Amino acid sequence: MGGRLWCGMGSSGALFVCDVDTWKFDLPINVATNRIYVLEEYEGEIWAGSRDGNLYVVDTETGRPISTLPNHGEAISGITVVKPTIWTSSFDGLLICWNPKTRDVIRQITIPKSGRVSSLISIGNWLWCSGKQKLIAIDISDPENHNIEKFAIDFRPEAPLFVDCLAKTPNDQIWCGWSGSNGCKLSLWCTKTRKCLLVRDLKEFRGCTCMTVSGDELWIGTKEGQLLIINWATNADEQILQEAHPAGVRSLCTMEGLVASGSTSSDGYIAVWKKAKQ
C-alpha cells in the first residue's frame, strides 16, 4: 500500500494510516458510524466494510472519503478483487459485484441457508466464503447463472465447530480456521479436487480469529492473543508467539516482508513482525 499501513478501528469506525518508515500515525479519517470489519486496496483506493452495512471508498493519496455504498443491509464481512471487479459479502449471505470505477452494482448473489458468512476470498472464477458450519464455493464465470457448492466436516461426537476465517496459499489451496466450545481446528482444502487434505487439532487454543499467508508461512491469530506460525506446505510448526497480544488477535496482514497484527479494542495495539534470518 505504498509504505503505509491502513488500520480500521473496531470502536470508532475511523481509519488510521501509519507510515512504515517512521511508524507514526496520521490523524484519523472518520468514515463509518460503526466498527470497521474489513479493508481492501484497489488502484489507489481503500474499500472499507463496516458493521453499519456500508462500504466506504477512500482515496489513498489524499485520505479523503470518495463514496459511501449502502447496498448491503447487514455488516460487511469480506472484500475481494476479481479484476476488473470487486466482490463484497455481508453476514446475511449477500454477495455483490461492483464496478470499482463507476461504483455501480453489476450483479448480486444470495447464498441460501448460508448461516453467517464471515470471510470471502477469490481463486480464479470462484468465490470462496465461510458459512456457519461449512465452506462455500460460488462459480461466477457465467454472469447469468451461478453454481454454489458447500463442504462440511462431521466433527461428531464433538461440539459443533464454526468456520471463522480463511486463507489461500500460492498453490490455490485454502486453510480454514474452525472454532467452538471445545477448542479449534484447522482444515486444508484442495480447490481443484474439492477434497479436504487434512484436519489438525488445536485444542490448546480457544479459537482461530484470522489468518494470513506470508511467504511459506501461515500466520494464525487466536482468541487468547497468541500467534501460531506454521509452514503451509509441510504443516510443520515453526513458532508460537505466546504473548503477541494481551487480548485476542483481530486482524493480520502482510506488507513488504513484514506481518502486522492488530488486537481487540481491550488491547488496542498493533504489532509488526519480521521473520528472523535463518
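If you're wondering where the values come from, they're calculated on a predicted model, not measured in any experiment.
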*Asks:* How about Ile66 and Glu45: do any of their side-chain heavy atoms sit closer than 4.5 Å?
*Replies:* yes
*Asks:* Taking all atoms of both residues into account, what is the closest heavy-atom pair of Ile79 and Gly49, and its distance?
*Replies:*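 Heavy atoms of Ile79 and Gly49 come nearest at CD1-N, 3.8 Å.
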*Asks:* Would you name the heavy atoms of Thr88 and His72 that are closest together and state the gap between them?
*Replies:* OG1-NE2, 2.7 Å
*Asks:* Locate the shortest heavy-atom distance separating Cys210 from Cys165; write the atom from each residue and the value.
*Replies:*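 Looking at all heavy atoms of both residues, the closest pair is N-SG, 3.7 Å.
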*Asks:* Does the side chain to side chain contact (heavy atoms under 4.5 Å, CB included) test come out yes or no for Ile220 and Met211, once each step is laid out?
*Replies:* CA-CA 5 Å; Ile220 304 159; Met211 295 190 288; 3.9 Å; yes
*Asks:* Apply side chain to side chain contact (heavy atoms under 4.5 Å, CB included) to Val272 and Val259, showing your working.
*Replies:* CA-CA 6 Å; Val272 180; Val259 175; over 6 Å; no
*Asks:* Could you check whether any side-chain N or O of Asn99 sits under 3.5 Å from a backbone N or O of Lys101, counting only pairs where one atom can act as donor and the other as acceptor?
*Replies:*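 A pair under 3.5 Å: yes.
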*Asks:* Cation-pi check for Trp126 against Arg194: NZ or CZ below 6.0 Å from the six-membered ring centre and within 45 degrees of the axis, yes or no?
*Replies:*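 Judged by the rule, Arg194 and Trp126 form a cation-pi pair.
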*Asks:* Heavy-atom distance under 4.5 Å between the side chains of Cys196 and Leu198, does that happen here?
*Replies:* no
*Asks:* Return yes if some donor-acceptor pair links the side-chain N/O of Thr209 with the main-chain N/O of Val249 below 3.5 Å, else return no.
*Replies:*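 Looks like yes, one N/O pair under 3.5 Å.
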*Asks:* Could you tell me whether the side chain of Glu40 and the main chain of Ile46 form a donor-acceptor pair under 3.5 Å?
*Replies:* no
*Asks:* Could you report the tightest heavy-atom contact between Cys208 and Cys184, atom names first, then the distance?
*Replies:* SG-SG, 3.6 Å
*Asks:* When you compare the side chain of Val58 with that of Leu15, does any pair of heavy atoms fall below 4.5 Å?
*Replies:* yes
*Asks:* Evaluate whether atom CD of Glu243 has more than 12 neighbouring non-hydrogen atoms of other residues, nucleotides or ligands under 6.0 angstrom away.
*Replies:*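 Open.
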*Asks:* How are the rings of Phe91 and Tyr37 set relative to one another: parallel (under 30°), tilted (30 to 60°) or perpendicular (over 60°)?
*Replies:*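 Because their plane-to-plane angle lies in the 30° to 60° range, the rings of Phe91 and Tyr37 count as tilted.
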*Asks:* For Ala48 and Leu39, which heavy atoms make the closest approach, and how far apart are they?
*Replies:* CB-CD2, 3.5 Å
*Asks:* Consider only side-chain heavy atoms of I, L, V, M, F, W and Y, link residues closer than 4.5 Å, and tell whether Val82 and Ile136 are in one cluster.
*Replies:* yes
*Asks:* Is there a path of hydrophobic side-chain contacts, each under 4.5 Å between heavy atoms, that joins Ile96 and Ile148?
*Replies:*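 In one cluster: no.
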*Asks:* So do the side chains of Arg200 and Asn235 get within less than 4.5 Å of each other, counting heavy atoms only?
*Replies:*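 Side chain of Arg200 against side chain of Asn235, heavy atoms only: contact under 4.5 Å found.
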*Asks:* To the nearest 0.5 Å, what is the distance between SG on Cys176 and CD1 on Ile153?
*Replies:* 7.0 Å
*Asks:* Where does the angle between the aromatic ring planes of Phe16 and Phe25 fall among parallel (under 30°), tilted (30 to 60°) and perpendicular (over 60°)?
*Replies:* perpendicular
*Asks:* Go through it in stages, so that I can follow the logic: the residues are Trp128 and Lys168, the test is side chain to side chain contact (heavy atoms under 4.5 Å, CB included), and I'd like the CA-CA distance, side-chain angles, deciding distance and then a yes or no.
*Replies:* CA-CA 10 Å; Trp128 294 78; Lys168 63 178 178 180; over 6 Å; no
*Asks:* Measure from the side-chain N and O atoms of Trp232 to the backbone N and O of Gly215, and report whether any donor-acceptor pair falls under 3.5 Å.
*Replies:*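 Yes: the side chain of Trp232 pairs with the backbone of Gly215.
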*Asks:* Please check if any side-chain donor atom of Ser77 sits under 3.5 Å from a side-chain acceptor atom of Ser89, or the reverse.
*Replies:*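 There is such a pair (donor and acceptor under 3.5 Å, judged by atom type) between the side chains of Ser77 and Ser89.
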*Asks:* With the 4.5 Å side-chain cut-off for hydrophobic clustering, are Trp219 and Leu228 part of the same group?
*Replies:* no
*Asks:* Are Ile106 and Ile86 connected in the hydrophobic side-chain network, where two residues link if heavy atoms are under 4.5 Å apart?
*Replies:* no
*Asks:* Is a side-chain donor or acceptor of Ser130 paired with a backbone partner of Ser119 at a separation under 3.5 angstrom?
*Replies:*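 Yes, the answer is positive, given that a donor and an acceptor are paired below the 3.5 Å cut-off.
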*Asks:* Quick check for you: to the nearest 0.5 Å, what is the distance between Lys150 atom NZ and Lys134 atom NZ?
*Replies:* 5.0 Å
*Asks:* How many angstroms lie between CG in Asp172 and CD1 in Ile123, if you round to the nearest 0.5 Å?
*Replies:*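 Output value for this atom pair is 5.0 Å.
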*Asks:* Given side chains that start at C-beta, do those of Pro170 and Val213 come closer than 4.5 Å, heavy atoms only?
*Replies:*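 Touching, per the 4.5 Å side-chain cut-off.
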*Asks:* Are side-chain heavy atoms of Ile76 and Tyr56 found at a separation under 4.5 Å?
*Replies:* no
*Asks:* Hey, does the side chain of Ser179 reach the backbone of Phe162 with a donor-acceptor pair shorter than 3.5 angstrom?
*Replies:* no
*Asks:* Do any N or O atoms from the side chain of Asp52 and from the backbone of Thr33 form a donor-acceptor pair under 3.5 angstrom?
*Replies:* yes
*Asks:* Given side-chain hydrogen bond (donor to acceptor under 3.5 Å, both in side chains), test Trp189 with Ser187 step by step and report yes or no.
*Replies:* CA-CA 7 Å; Trp189 297 79; Ser187 65; 2.9 Å; yes
*Asks:* I need the Arg250 CZ to Ser263 OG distance, nearest 0.5 Å.
*Replies:* 11.0 Å
*Asks:* Between the main-chain N or O of Gly207 and the side-chain N or O of Thr222, is there a donor-acceptor pair closer than 3.5 Å?
*Replies:* no
*Asks:* Please name the pair of heavy atoms, one in Asn71 and one in Leu94, separated by the smallest distance, quoted to 0.1 Å.
*Replies:*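 In this case the closest contact between Asn71 and Leu94 is O-CD2, 4.3 Å.
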*Asks:* Using a 3.5 Å distance criterion without hydrogens, assess whether the side chain of Ser214 forms a donor-acceptor pair with backbone atoms of Thr254.
*Replies:* no
*Asks:* Taking atom types as modelled, find out whether Trp175 and Thr169 have a side-chain donor-acceptor pair closer than 3.5 angstrom.
*Replies:* no
*Asks:* Distance check, rounded to the nearest 0.5 Å: Thr110 atom OG1 versus Leu95 atom CG?
*Replies:* 7.5 Å
*Asks:* Side-chain heavy atoms under 4.5 angstrom apart, residues restricted to Ile, Leu, Val, Met, Phe, Trp, Tyr: same cluster for Leu166 and Leu186?
*Replies:*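 No; tracing contacts between hydrophobic side chains, which count when under 4.5 Å, never links both residues.
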*Asks:* Out of curiosity, Cys18 SG to Ile270 CD1, how far, rounded to the nearest 0.5 Å?
*Replies:*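 With rounding to 0.5 Å, SG (Cys18) is 7.0 Å from CD1 (Ile270).
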*Asks:* Judged by atom type as modelled, is there a donor-acceptor pair below 3.5 Å linking the side chain of Lys185 to the main-chain atoms of Gly177?
*Replies:*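 Such a contact is absent between Lys185 side chain and Gly177 backbone.
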*Asks:* So, Ser67 and Arg103: side-chain donor and acceptor under 3.5 Å apart, yes or no?
*Replies:*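 Arg103 and Ser67 do have a side-chain donor-acceptor pair below 3.5 Å.
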*Asks:* I want to check something: taking the side chain as every heavy atom from C-beta on, are Trp87 and Ile121 in contact at a cut-off of under 4.5 Å?
*Replies:*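 Contact flag for Trp87/Ile121 side chains = no.
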*Asks:* Would you say that Arg116 contacts Asp92 through its side chain, given a criterion of any heavy-atom pair below 4.5 Å between the two side chains?
*Replies:*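 No - every pair of side-chain heavy atoms lies 4.5 Å or more apart.
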*Asks:* With Trp178 as reference, evaluate Val163, Leu135, Val199 under the side chain to side chain contact (heavy atoms under 4.5 Å, CB included) test and give the passing residue.
*Replies:* Val163
*Asks:* Do Trp98 and Thr85 have a side chain donor and acceptor closer than 3.5 Å?
*Replies:* no
*Asks:* Do Arg107 and Glu144 sit within salt-bridge range, that is, some charged N less than 4.0 Å from a carboxylate O?
*Replies:* no
*Asks:* Between Asn147 and Ile138, is the side chain to side chain contact (heavy atoms under 4.5 Å, CB included) condition met? List the steps.
*Replies:* CA-CA 6 Å; Asn147 179 43; Ile138 305 100; over 6 Å; no
